[in-house]
A.B. asks: 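Pasting a structure below so you can have a look.
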Amino acid sequence: MRFDLMAGTAAAPLAPITRAPVVLVFDSGLGGLTVLAEVRRARPDARVVYAADDAAFPYGGLAEPVVLSRVLTVMERLIALHAPDLVVIACNTMTTLVLPALRSRFSVPFVGTVPAIKPAAAATRSGLVSVLATPGTARRDYTRELIETYASGCAVTLVGATGLASLAEAELSGLPVSSGEVLAEIAPCFVEMPAGRTDVVVLGCTHYPLLLAHYEAIAPWPVTWIDPAPAVARRMVQLLGNPVHDDEPPGPVQATFTSGARLTPALRMALADRGIADLAVEAMPLILQ
Ligand code: DGL
């Protein structure tokens with residue numbers, strides 16, 4: 001199954017919106033903050049709502065039918081509450097599975113986030129590329145199809161990291177994260193062959209750029225790390241159009257969590273630093289049958 005990854009249902013821009021558009025940025029947790037930053041930079045005039053389904057975090061270890069029904073349920077509530085003009089799915093684990101179902105269920109346009117395999121294939125010199133993703137994204141047929149389509153000339157190593165998204169959340173919540181823990185998660189990305197070694201690593205989970213300073217400090221050798229967030233924001237602008245005034249600073253963001261259980265004081269400060277001025281909890285426990 002192939003679907004248009006970052007695009008809205010139609011390639012055409014939306015009918016012009018004369019007021020500030022409402023953009024909903026959705027992730028399982030805090031990873032979508034890396035996309036939020038680019039969204040705010042690209043459309044500083046937008047009224048942005050950040051939604052985290054932290055009651056179900058991490059999505060990367062959940063079975064596909066669970067992710068599918070959970071995302072549809074939570075999205076129904078979010079759309080009813082916030083009436084967005086556009087939704088950014090700031091999560092590879094969701095996008096690579098749920099995007100077609102979201103587009104057929106809801107009429108609002110969706111922009112997704114998928115591993116940046118095409119730019120990685122263009123950037124590599126050695127031909128050895130690694131995709132650092134969640135176990136869910138690493139398993140998806142969609143990810144394999146992306147590799148076949150855009151990186152068939154490369155040797156691609158798919159790494160499904162089991163604990164890296166949680167380490168990123170821990171660090172943002174003020175907990176210590178050791179280099180050893182991070183290195184154990186990223187080490188399989190570094191492949192050495194007689195003909196060369198990995199020179200490009202795709203950050204295939206929106207949480208992972210949050211730990212970029214660690215990777216750069218501990219990587220066995222320097223590589224190019226590719227973060228898809230700027231491309232996601234560009235796609236949003238193609239659909240929404242450019243801001244009428246882009247010289248003003250981005251406005252405050254409203255955030256909503258489905259659990260809020262990990263909202264420590266350190267995390268509240270980190271969120272405030274990212275422009276999140278208004279925090280709400282809209283409790284939606286995950287019920288696994
Ligand atoms: N941030 C999400 C992604 O981009 C996934 C984290 C998780 O819930 O496992 O895939």
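One-based numbering, in listed order, for ligands and for the atoms of each. Position 1 is the first residue of the sequence, and the numbers go up from there.
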A.B. asks: Which ligand 1 atoms are under 4.0 Å away from a heavy-atom of S28?
C.D. replies: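 Answer for ligand 1: 5 (C), 6 (C), 7 (C), 8 (O).
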A.B. asks: Looking at every heavy atom in both D54 and S259, which two are closest together, and how far apart are they?
C.D. replies: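 Reported closest heavy-atom pair: OD1-N, 2.7 Å.
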A.B. asks: Looking at D85 and R19, does any basic side-chain N land under 4.0 Å from a carboxylate oxygen?
C.D. replies: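 Salt bridge flag = yes for R19 with D85.
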A.B. asks: Please give me the minimum heavy-atom distance between A46 and V23, naming the atom from each residue.
C.D. replies: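 Taking every non-hydrogen atom into account, CB-CG2, 4.1 Å.
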A.B. asks: Identify the residue among V129, V159, V156, T198 that makes a side-chain contact (heavy atoms from CB on, under 4.5 Å) with V191.
C.D. replies: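 Result for side-chain contact (heavy atoms from CB on, under 4.5 Å) with V191: T198.
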A.B. asks: If you take all heavy atoms of P228 and L203, which pair is closest and at what distance?
C.D. replies: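 What the structure gives for the nearest pair is CD-O, 3.6 Å.
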A.B. asks: Relative to the heavy atoms of F57, which atoms of ligand 1 are at a distance of less than 4.0 Å?
C.D. replies: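 Contacts of ligand 1 toward F57, numbered from 1: 7 (C), 8 (O).
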A.B. asks: Check for me whether the distance between the ring centres of H207 and F57 falls short of 6.0 Å.
C.D. replies: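 Judged by ring-centre distance (under 6.0 Å), H207 and F57 do meet the cut-off.
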A.B. asks: Which residue and non-hydrogen atom of the protein lie closest to atom 5 (C) of ligand 1, and at what distance in Å?
C.D. replies: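 For atom 5 (C) of ligand 1, the nearest protein heavy atom comes out as T93 OG1, 3.5 Å.
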A.B. asks: Give the atoms of ligand 1, by number and element, whose distance to some non-hydrogen atom of C205 is under 4.0 Å.
C.D. replies: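 So the answer, numbered in order with elements, is 1 (N), 2 (C), 3 (C), 4 (O), 5 (C), 6 (C), 10 (O).
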A.B. asks: So which protein heavy atom does atom 2 (C) of ligand 1 come closest to, and at what separation?
C.D. replies: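 Going atom by atom, the protein heavy atom closest to atom 2 (C) of ligand 1 ends up being C91 SG, 3.3 Å.
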A.B. asks: Run the numbers for me: atoms of ligand 1, each under 4.0 Å from some heavy atom of T134, listed by number.
C.D. replies: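 With T134 as reference, the close atoms of ligand 1 come out as 5 (C), 9 (O), 10 (O).
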A.B. asks: With a 6.0 Å cut-off (strictly less than), is the heavy-atom count around CZ of R47, excluding the residue itself, greater than 12?
C.D. replies: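 At most 12 heavy atoms, drawn from other residues, nucleotides or ligands, come within 6.0 Å of this atom.
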A.B. asks: I'd like to check which ligand 1 atoms, numbered from 1 as shown, lie under 4.0 Å from a non-hydrogen atom of G60.
C.D. replies: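 Near G60, the atoms of ligand 1 are 7 (C), 8 (O), 9 (O).
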A.B. asks: By number and element, which atoms of ligand 1 are closer than 4.0 Å to a non-hydrogen atom of T206?
C.D. replies: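 In order of number, 1 (N), 2 (C), 3 (C), 4 (O).
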A.B. asks: Check whether any N or O atom of D27, backbone or side chain, sits under 3.5 Å from an N or O atom of ligand 1, and answer yes or no.
C.D. replies: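 Checking ligand 1 against D27, an N or O pair does fall under 3.5 Å apart.
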